[in-house]
Amino acid sequence: MIAGAVNTFPRLKTANLGFPRIGRQRELKFALEGFWSGKQIESELLETAATLRAEHWRLQQAIGLDFIPSNDFTLYDQVLDMLVLLGATPARFGSGSVTLERYFAMARNNKEQTAMEMTKWFDTNYHYLVPEWSASLPFSVDLTKIFNEITEARVLGIETRPVLIGPLTLLLLGKGADGFDPFTLAEKLIAAYKTVLAALAEQKVEWVQIDEPILATDLPDSAAGFFRKAYADLTQSPVKLMLTTYFDRVGDNLPLAVESNTAGIHIDLVRAPEQLQDVLPALAPRQVLSLGCVEGRNVWLTDFAIAKSFIAEAVSRLGPERVILAPSCSLLHVPHDLRSETNLPARVKGWLRFAEEKLAEVIALANSDEAAAIANAIAIADREAAESSTDREVRQQLGALSESDFARISPYSQRTLAQRAELQLPLFPTTTIGSFPQTAEVRRRRAAHKHGRETTESYEAFLREAIESCIRQQEEIGLDVLVHGEFERNDMVEYFAEYLEGFLFTENGWVQSYGSRCVKPPIIFGDVSRLRPMTVKWTDYARSLTSRPMKGMLTGPITMLQWSFVRNDIPRQQTAWQIALALRSEVKDLESAGIGIIQVDEPALREGLPLRNSDREQYLDWAVKAFRLATSAVSDRTQIHTHMCYCEFEDVLPSIAALDADVISMESARSRMELLQAFRAHSYPSEIGPGVYDIHSPRVPSAEEMRELLGLAIDVFKPEQIWVNPDCGLKTRAWPETILALKNMCQAAASARSAMPR
Ligand code: GLN
Ligand code: ZN
């Protein structure tokens, strides 16, 4: 047998950084929801959780991993678990050891209390609970969970590497209340971590994985000092620490990471392959390097040729005993396994790898498995050669684009004259964000139709009725710009993806979003193009029922991209522009059908921001262009709206203005118009509807309350710039509260109108 230069080393050690916990059939989700609704008792929930953990450990053992994680499991969120471990849960939920009841009270809103705030885990779609830092936190360590997991695994004969979130990441992901500086907690926090490590050492734990993904971001000034101090202390412990970074390059934090002198460092070579060159020479003499060479965040197979070149380089520099292979990050962000997918086209399935298959790839690479390498090369070549990957027409269209394809005919100042003449709207026009209540009946009928239990004819008749009644409601409420209600949509991405070439859907490809909530992102596997009109039929039908202006509703290119698994064989920018081209056709068709107002939702625009500041400009540039490509083919008379929500937009306002939409609606009621502060600094050129009504709860805001918020907007914008609308779509609300709230909203607008000098 001829051994190539790259596979002359002995078998390398392998690790996993975290396994999906929701269960192959979402067992954890159903157990949690059963428990919350009172259908299951505590012991049943805990039993399901223990069974899942045992299954997952056995599975990882059978795959053949050397380092199998524990404490990566959680009943709700791993950040909350860290706070429980360290004794740093917010005092407003009570004190003493954390019962299950209190644990869920912190995680979920209930009648008495608002839960802890939730926000996105770096640039993923996973949401964590935000630590609330304050001087009074007791930091009394509670080892119950972490010990239980270590012991449970040992009973199965499996020695695990427990996972902790590191002190710097934890600190910076939290918020100090009322200007409290979290770094003043340094001593106490470090002491708590030391206690945990001491206890683990006593349990004869050899390695701990300590996650510091924050090292892949630009750190604030006080971070470096804290980090040095923390790790100078923590590395005193006999427990070996695998300092784990992921999601981007360590970059200028490399000296910090290396000088911490942890026993090992893990780096993400999928997101940041070039960093290997910097990390290899920088390592301390005995430091082990864990190579994140199998993508933990996307569903594609690894290109073994690329991975092997990294491995060869690391091995030749460090020797095989100092190299470990692993996925790039926790597999929390990918579905469980491919076996449960029976409907995927076989060819594309050959290019996909979910959590279990990714771990098998790690093993194959560590073993220099020749057969696996050949199969891999064949699959990679097959993917490259596949016709579905390249649609000549789309590529040609993209190649032929010129500046003018990204620009409206006239500037806003001119367009607005045409639009005002056309639409004849009052001052402070009222509208909604698109969806109206998705009642049980709506969901039932959609499911019945999808599963063939209801004919298309009867389902469509039902949709027409729902649209008509929604329009009569809106007229009766007194809204100025109407919508059709979005009753036909299961999800704002999946609905559109079903009309697009290049997208695929899984049956069980669930990924945890937060707690028991999972999403099933579509997979973009090839060039994207529009198969047929997507919304024209329903929007046009709605338009035919009323004399008031009808607004068409589309999901924007960046949101489609962000909430899908994206192909990794062409730049994201290209896929975004392909989706934009498909939407551009839809926008034109809507316009031709007589729809004078078209809204393109981009709630995920900010989510796509790279973690490093220096990479942001480039992203924003192509993301803004994607939106403009989708929306600029219309006449001046046609009014383009966009909508954003779920995050802070302050730092991307110039890009939002650069979208060149005629009107933007933004979530702002929930934070009582905090958003407006940012607009004082940037004069906003076009029209804006800062939300005056928080749609996240059934509470009906009064007209006075909304009038007051509107007053705040009037202080910042010119009256003719302002629209009046809720924070977001109303699909999660019920009809009675929706009608009352919108009536109050229209009343608030009327009151603001009559207060204007004539
Ligand atoms: N048009 C969508 C709706 O109203 C917008 C949803 C969103 O912003 N997430 O439901
Ligand atoms: Zn929204």
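Because the structure is a prediction, the values reported are computed rather than measured. Indexing begins at 1, ligand by ligand and atom by atom, following the structure's order.
- In the vicinity of Gly434, heavy-atom distances shorter than 4.0 Å reach the ligand 1 atoms 4 (O).
- No side-chain donor-acceptor contact under 3.5 Å links Glu674 to the backbone of Ser668.
- Under the 6.0 Å cut-off for aromatic ring centres, Tyr495 and Tyr499 qualify, their centroids lying closer than that.
- At least one N or O atom of His643 sits closer than 3.5 Å to an N or O atom of ligand 1.
- Summary of contacts: the protein heavy atom closest to atom 3 (C) of ligand 1 is Ser435 OG, 3.3 Å.
- Taking the centre of each ring, His333 and Phe247 come in below the 6.0 Å mark.
- The shortest N or O to N or O distance between Pro603 and ligand 1 is not below 3.5 Å.
- For the pair Arg753 and Phe428, the NZ or CZ position fails the cation-pi test of under 6.0 Å to the six-membered ring centre and within 45 degrees of the ring normal.
- Comparing Gln599, Met492, Met644 against atom 6 (C) of ligand 1, the shortest heavy-atom distance belongs to Met492.
- Not one N or O on the side chain of Ser529 forms a donor-acceptor pair closer than 3.5 Å with the backbone of Glu501.
- Salt-bridge annotation for Glu705 and Arg699: present, with a side-chain N of the basic residue lying under 4.0 Å from a carboxylate O of the acidic one.
- With the Zn ion (ligand 2) at the apex, Cys728 SG and Cys645 SG define an angle of roughly 120° (rounded to 10 degrees).
- Side-chain N or O atoms of Gln578 include one that pairs as donor or acceptor with a backbone N or O of Val528 at under 3.5 Å.
- Less than 4.0 angstrom separates some heavy atom of Gly729 from each of these atoms of ligand 1: 3 (C), 4 (O), 10 (O).
- Residue contacts with ligand 1, taken as heavy atom pairs separated by less than 4.0 Å, involve Glu486 solely via side-chain atoms from C-beta onward.
- For atom 5 (C) of ligand 1, the nearest protein heavy atom (residue, atom name, distance) is Asp601 OD2, 3.3 Å.
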